[in-house]
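The structure appears below as structure tokens.
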Amino acid sequence: MTSPTTEPRARGAEPGVRGGMIGVRDGLATLGPDALALRTALDMRFETWGHRAGAHSVAYPPLLAVDDLAGVDYFANFPHLGLLASGLAPEAVEAGYPGEGPLDAVPAGRLGPARHVLPPAACYSAYFDLAGERLDGPQRITTIASCFRREPHLDGLRRLYGFSMREIVCVGGHDDVVDHLARLKHVVLEFAAELGLPLTVETAGDPFFDPDGARAVSQRLFPVKEEFVFDGTPAVASVNFHRNFFGERCDIRAADGEPAYTGCVAFGLERWISALGDHFGLDPAELTERIVDVP
């Protein structure tokens with residue numbers, strides 16, 4: 001393996017895997033040993049923040065049920081992003097499809113019904129897992145997932161079809177969730193400052209909410225989504241306050257008997273790798289040392 005350059009590079013010019021680093025093709029990334037070590041170091045840092053906030057680590061199934069996502073309006077709000085898991089239809093299997101010759105795509109008519117979805121974010125599994133629960137106090141969970149979105153525009157590690165997302169979730173009363181998000185927002189900004197990575201906080205909308213409804217009016221008074229942005233690129237992390245949307249839809253009740261509030265802090269690991277490389281112009285091994293050296 002050749003040694004990677006440590007010279008500053010243009011945005012989007014991730015080194016290839018043959019250089020021991022990163023390769024991206026058609027929205028799918030391959031990480032070499034050093035880049036994988038960097039992703040692991042970042043994830044360990046974010047998971048530790050979750051543990052310090054009182055969260056326990058959970059691993060959920062790799063697929064979501066279509067009816068669960070439909071129940072929270074995912075397909076109404078993000079019809080262009082969903083990637084469904086399906087198999088060949090029985091008649092195609094019996095016919096020995098695809099037969100002879102090259103194949104680069106399976107026609108939709110040859111597929112069976114899709115009952116599962118590749119997860120578009122890590123936090124959904126936490127809410128679906130708690131469906132029907134009556135909580136005696138706030139629940140804090142941290143989880144990581146391989147997530148998938150059919151992005152209309154791909155951009156190196158910044159926009160991928162498949163990517164890694166760590167989330168730190170809180171489900172409980174209003175004040176529990178707001179405090180959880182505020183504390184972690186401070187932790188993220190403090191870490192970025194210590195690291196020397198300039199991030200700006202930008203307010204974003206939440207398409208879960210009817211723009212004419214009461215939640216949307218409240219959203220304008222108290223932002224429900226804030227993004228941590230590096231140099232105008234897609235957010236490396238976000239703070240998300242869903243109010244009691246998932247509590248109502250998933251029938252999760254807080255200790256006071258009311259629909260639970262939910263919130264999460266999400267980290268896109270590949271986007272962090274991209275932002276760090278673009279800003280510092282260092283290879284992944286050197287970036288890992290910087291991450292580890294931050295208190």
Side-chain angles (χ1 to χ4, degrees), residues 4-15 21-24 27-29 31 34-50 81 120-123 144 147 149 151-168 181-206 223-241 264-295:
T5 178
T6 58
E7 293 299 315
R9 58 183 180 273
R11 181 181 300 159
E14 290 89 0
M21 299 304 172
I22 302 162
V24 180
L28 302 173
L31 303 184
D34 290 345
L36 184 59
L38 173 57
R39 189 181 73 176
T40 300
L42 287 164
D43 184 51
M44 288 178 62
R45 172 75 60 151
F46 302 150
E47 184 180 30
T48 297
W49 292 347
L81 293 181
C123 63
I144 187 170
C147 297
R149 296 175 187 172
E151 294 281 4
H153 170 66
L154 302 172
D155 182 17
L157 291 179
R158 289 164 292 281
R159 287 201 185 277
L160 295 162
Y161 281 139
F163 53 94
S164 306
M165 182 182 292
R166 162 69 62 182
E167 299 208 42
I168 307 171
L181 298 180
R183 289 175 181 272
L184 285 170
K185 176 182 175 181
H186 173 75
V187 170
V188 174
L189 291 175
E190 186 176 54
F191 172 70
E194 290 280 349
L195 193 59
L197 181 68
L199 297 181
T200 59
V201 179
E202 300 181 4
T203 301
D206 193 327
V224 299
K225 185 179 184 69
E226 292 183 303
E227 297 182 330
F228 299 88
V229 177
F230 165 73
D231 195 25
T233 61
V236 298
S238 62
V239 172
N240 306 274
F241 181 43
C264 63
V265 181
F267 305 89
L269 299 183
E270 288 80 7
R271 289 183 179 179
W272 275 88
I273 293 173
S274 179
L276 290 169
D278 286 343
H279 182 64
F280 294 109
L282 302 175
D283 66 42
E286 293 170 307
L287 290 171
T288 300
E289 291 180 6
R290 292 184 74 104
I291 296 296
V292 172
D293 287 343
V294 174

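Position 1 is the first residue of the sequence; numbering continues from there.
- Contact check for Asp283 versus Asp34: no side-chain heavy atoms found under the 4.5 Å cut-off.
- The shortest side-chain heavy-atom distance between Leu282 and Glu289 does not fall under the 4.5 Å cut-off.
- In this structure, CG in Leu28 is found 12.0 Å from CZ in Phe163, a value given to the nearest 0.5 Å.
- In terms of the ring-ring contact (aromatic ring centres under 6.0 Å, His included) criterion, Phe228 has no residue partners (sequence neighbours excluded).
- Looking only at side-chain heavy atoms (C-beta outward), Ile291 and Leu276 come within less than 4.5 Å of each other.
- Distance check: Leu38 CG to Glu270 CD gives 10.5 Å after rounding to the nearest 0.5 Å.
- Inspection of the Asp231 and Thr233 side chains reveals no N or O donor paired with an N or O acceptor under 3.5 Å.
- Phe230 places a side-chain heavy atom less than 4.5 Å from the side chain of Asp278.
- Classification of the Trp272-Phe46 ring pair by plane angle, with boundaries at 30° and 60°, yields tilted.
- Of all the heavy atoms in Leu81 and Pro152, the pair that sits closest is CD2-CD, 4.4 Å.
- Ile273 approaches Ala35 most closely through the heavy-atom pair CD1-O, 4.0 Å.
- We find the CZ-CZ distance between Phe280 and Arg290 to be 4.0 Å, quoted to the nearest 0.5 Å.
- At distances below 3.5 Å, not a single donor-acceptor pair connects side-chain atoms of Arg158 with backbone N or O atoms of Arg271.
- One finds the CG atom of Leu181 at 11.5 Å from the CZ atom of Arg183 (value rounded to the nearest 0.5 Å).
- Considering only heavy atoms from C-beta on, Val24 stays 4.5 Å or farther from Leu154 through its side chain.
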Practice prompt. Could you walk me through whether Phe267 and Leu42 pass side chain to side chain contact (heavy atoms under 4.5 Å, CB included), step by step?
Written response: CA-CA 9 Å; Phe267 305 89; Leu42 287 164; over 6 Å; no
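- Scanning both residues, Leu199 and Ala192, for their nearest heavy atoms gives CD1-CB, 3.7 Å.
- The minimum heavy-atom distance between Met44 and Thr48, with the atom names listed, is O-OG1, 2.8 Å.
- Residues satisfying the salt bridge (charged side-chain N to carboxylate O under 4.0 Å, His left out) criterion with Arg166, sequence neighbours excluded, are Asp43, Glu47.
- Of all heavy-atom pairs spanning Ala122 and Cys147, the tightest one is N-SG, 3.7 Å.
- Taking CG from Leu269 and CG from Leu157, the interatomic distance works out to 11.0 Å, rounded to the nearest 0.5 Å.
- The distance from atom CD of Glu167 to atom OG of Ser238, rounded to the nearest 0.5 Å, is 7.0 Å.
- Between Lys225 and Asn240, the closest heavy-atom pair is NZ-OD1, 2.7 Å.
- Cation-pi geometry between Arg45 and Phe191 is not met at under 6.0 angstrom from the ring centre and within 45 degrees of the axis.
- In this structure, the side chain of His153 does not engage the main chain of Arg159 through any donor-acceptor pair within 3.5 Å.
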